[in-house]
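Here the structure is laid out as structure tokens; the discussion comes afterwards.
Computed over heavy atoms, backbone and side chain alike; hydrogens, waters and symmetry mates excluded. As the structure lists them, so they are numbered: ligands from 1, and atoms in each ligand from 1.
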Amino acid sequence: MKADIAIIGGTGVYDPSILENVSEEKVLSEYGEVTVKLGEYQGIKTAFMARHGAGHTVPPHLVNYRANIRALQILGVQKIIATAAVGSLELQYRPGDFVIVDQFLDFTKNRVATFYEGGEQGVVHVDMTKPYCPEIRQALIESAKEQQIQLAAEVATYICTEGPRFETPAEIKMYKQLGGQVVGMTSVPEVILAREAEMCYGTIGMVTNYAAGISPAPLTHQEVVDTMKEAQAKLKKLICQTIEIANKTERDCLCKSAIEELGKF
Ligand code: HPA
């Protein structure tokens with residue numbers, strides 16, 4: 001079976017309940033085997049992948065990003081809506097809030113961030129001027145408006161750390177000075193690989209907590225549980241509407257020709 005659109009569910013998003021006629025498929029890529037759920041939303045063929053595996057067993061630094069993205073490519077996916085749990089570097093972006101990511105700063109250390117490792121694959125320096133697809137970003141923003149879901153920010157710079165540890169307050173202070181608004185551990189290299197695979201890719205950042213040293217008062221566990229529950233319902237609405245909008249739009253962005261036009265040696 002093929003799919004046109006995929007959802008990559010991050011931390012807290014494991015449930016493809018918006019899909020009908022769901023089947024599970026194992027997709028074998030040259031980087032490993034990946035389990036994907038395939039179904040339909042309003043007749044639109046949609047894939048769902050849990051980034052950290054079913055049951056959240058894979059930590060961010062060990063996610064097989066290349067296998068995940070290649071598997072979606074093999075299924076024919078052209079558009080990806082990803083979710084990512086993030087810590088907030090801004091007091092006004094509160095737990096439960098959503099931000100639409102538009103840039104990243106890469107502080108990962110030990111990840112292969114390309115499909116192109118020379119030799120037969122060639123050498124590629126893919127353009128990252130707009131790392132997150134402008135059309136998927138637009139679909140997310142429009143969809144939030146239509147569903148009356150308030151976005152804490154329509155543009156946000158995502159700091160990607162290696163993890164799996166959380167940051168020190170000193171690191172967060174530095175990241176803030178460098179222009180970061182949210183921090184997470186997974187967007188890099190996922191966003192880069194999606195672009196190398198000429199797929200459109202956008203990310204909903206779901207604020208789960210204030211980053212280290214940002215909030216004067218620590219959150220209670222109950223607050224986190226409550227805000228996340230509320231966020232799940234919002235997220236479902238946001239994703240459903242985004243699938244509909246994305247499905248209607250012909251791709252007119254540079255993602256579809258990222259390699260062809262922008263240089264392979
Ligand atoms: N830091 C890094 N990654 C995260 C955080 C954080 O505070 N919250 C959710 N993912």
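Between H61 and M185, every side-chain heavy-atom pair lies at or beyond the 4.5 Å cut-off.
When only modelled atom types and interatomic distance are considered, E25 and T35 share no side-chain donor-acceptor pair under 3.5 Å.
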Pair E154-R137, salt bridge (Lys or Arg N to Asp or Glu O under 4.0 Å): steps then yes or no: CA-CA 8 Å; E154 294 182 2; R137 280 180 32 72; over 6 Å; no

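Tested against Q147 for a side chain to side chain donor-acceptor pair (under 3.5 Å), the candidates K234, Q241, E142 yield a single pass: Q241.
Sorted by chain and number, the residues within 4.0 Å of ligand 1 by heavy atom are A85, V86, G87, F166, E167, V183, G184, M185, T208, N209.
Taken from OG in S143 to CD1 in I149, the straight-line distance is 6.0 Å, to the nearest 0.5 Å.
Here E162 pairs with R111 in a salt bridge; the nearest charged N to carboxylate O distance falls below 4.0 Å.
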